[in-house]
**Student:** 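Below: one structure in structure tokens.
Worth saying up front: this structure is predicted, and the values here are computed from it rather than measured.
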Amino acid sequence: MAMEVINTTGRRKAAIARVYLSEGTGVVTINNKPLEVYFPSKVLQYIVKQAFLLSGNDSKYDVKATLVGGVITGQAEALRLGISRALVEVDPEIRKTLKPHGLMTRDPREV
């Protein structure tokens, strides 16, 4: 039985990420572009994949995301929050791993 698509939202400053998580091979697509094209910096790529790496699910799910607003760092952190929320929806036990690293908290600061 296939998993349905999980839809979550992540926000950071003025950036909003709509995240669609489905079973797959670890492909991350943002605004119809691969992760490496949308976020060329290795640091930003790590921020996006941090929830997968901490939970050990780095090649288990595919992500399609739509990002709007903000600047590139805020967008990466908004996407990380959206991915974290989606993983917790799939398996609530992952929350215990992600929360101590601050991945389940929305940073409310706005500029």
Side-chain angles (χ1 to χ4, degrees):
M1 188 167 108
M3 172 183 121
E4 74 274 3
V5 176
I6 304 293
N7 180 11
T8 57
T9 304
R11 292 185 184 88
R12 170 75 169 103
K13 291 193 173 185
I16 301 171
R18 287 180 299 212
V19 177
Y20 304 94
L21 185 82
S22 58
E23 284 185 5
T25 58
V27 177
V28 179
T29 307
I30 305 159
N31 293 348
N32 296 319
K33 296 179 185 175
L35 173 68
E36 294 76 20
V37 173
Y38 196 86
F39 292 120
S41 164
K42 294 288 184 194
V43 173
L44 295 176
Q45 290 175 24
Y46 173 76
I47 287 172
V48 170
K49 291 184 174 183
Q50 193 172 8
F52 288 123
L53 297 173
L54 289 171
S55 65
N57 292 318
D58 46 331
S59 60
K60 197 172 176 183
Y61 300 106
D62 286 348
V63 173
K64 283 192 174 186
T66 306
L67 286 170
V68 293
V71 292
I72 198 153
T73 306
Q75 287 184 347
E77 292 179 11
L79 182 55
R80 177 177 67 183
L81 177 60
I83 291 171
S84 297
R85 287 177 172 173
L87 287 173
V88 168
E89 227 175 278
V90 172
D91 181 9
E93 290 296 312
I94 293 175
R95 183 177 181 90
K96 295 175 187 171
T97 306
L98 301 180
K99 188 149 178 71
H101 294 279
L103 300 187
M104 295 305 302
T105 306
R106 185 212 191 279
D107 188 346
R109 294 177 292 176
E110 294 273 343
V111 176

**Student:** Taking the side chain as every heavy atom from C-beta outward, state whether Ser22 and Val5 have any atom pair closer than 4.5 Å.
**Tutor:** yes
**Student:** Can you see which heavy atom on Val48 is nearest to which on Ile83, and at what distance?
**Tutor:** O-CD1, 3.7 Å
**Student:** With heavy-atom distances below 4.5 Å as the criterion, would you say the side chains of Thr29 and Leu35 are in contact?
**Tutor:** no
**Student:** For residues 39-50, which residue pairs qualify under salt bridge (charged side-chain N to carboxylate O under 4.0 Å, His left out), counting only residues two or more places apart or in two chains?
**Tutor:** none
**Student:** Would you say Leu81 ends up clustered with Val43 if hydrophobic residues are merged whenever their side chains have heavy atoms under 4.5 Å apart, either directly or through other cluster members?
**Tutor:** no
**Student:** Can you tell me which residue pairs pass the salt bridge (charged side-chain N to carboxylate O under 4.0 Å, His left out) test with a partner in residues 83-92, sequence neighbours excluded?
**Tutor:** none
**Student:** Between Ala51 and Ser84, what is the shortest heavy-atom contact and its length?
**Tutor:** CB-OG, 3.4 Å
**Student:** Once side-chain hydrogen bond (donor to acceptor under 3.5 Å, both in side chains) is applied, do any residues pair with Ser55, and if so which ones, sequence neighbours excluded?
**Tutor:** Asn57
**Student:** If you look at every heavy atom in Asn31 and Leu67, which pair is closest and at what distance?
**Tutor:** OD1-N, 2.9 Å
**Student:** List the atom of Ile94, the atom of Leu87, and the distance in Å for their closest heavy-atom pair.
**Tutor:** CD1-O, 3.9 Å
**Student:** Roughly how far, to the nearest 0.5 Å, is CD1 of Ile16 from CG of Leu79?
**Tutor:** 13.5 Å
**Student:** Given the rule that I, L, V, M, F, W and Y join up when any side-chain heavy atoms are under 4.5 Å apart, are Val88 and Tyr20 in one cluster?
**Tutor:** no
**Student:** Would you name the heavy atoms of Gln45 and Pro40 that are closest together and state the gap between them?
**Tutor:** NE2-O, 3.5 Å
**Student:** With sequence neighbours left out, write down each residue that passes side-chain contact (heavy atoms from CB on, under 4.5 Å) with Ala86, or none if nothing qualifies.
**Tutor:** Ile6, Thr8, Leu21
**Student:** Using links of under 4.5 Å between side-chain heavy atoms of ILVMFWY residues, direct or through other members, which residues join Leu53 in one cluster?
**Tutor:** Tyr46
**Student:** Under 3.5 Å, which donor-acceptor pairs link side chains of residues 68-75 to any protein atom two or more places apart or in another chain?
**Tutor:**
{"from": "Gln75", "atom 1": "OE1", "to": "Tyr38", "atom 2": "OH", "distance (Å)": "2.9"}
{"from": "Gln75", "atom 1": "NE2", "to": "Gly69", "atom 2": "O", "distance (Å)": "2.9"}

**Student:** Restricting to salt bridge (charged side-chain N to carboxylate O under 4.0 Å, His left out), what partner residues turn up for Arg95, sequence neighbours left out?
**Tutor:** none
**Student:** Could you please spell out the steps behind the side-chain contact (heavy atoms from CB on, under 4.5 Å) verdict for Ile47 and Phe39?
**Tutor:** CA-CA 10 Å; Ile47 287 172; Phe39 292 120; over 6 Å; no
**Student:** Would you list the pairs meeting salt bridge (charged side-chain N to carboxylate O under 4.0 Å, His left out) in which at least one residue belongs to residues 59-84, sequence neighbours left out?
**Tutor:** Arg12-Glu77
**Student:** Measuring only between side-chain heavy atoms, which start at C-beta, is Val19 closer than 4.5 Å to Val63?
**Tutor:** yes
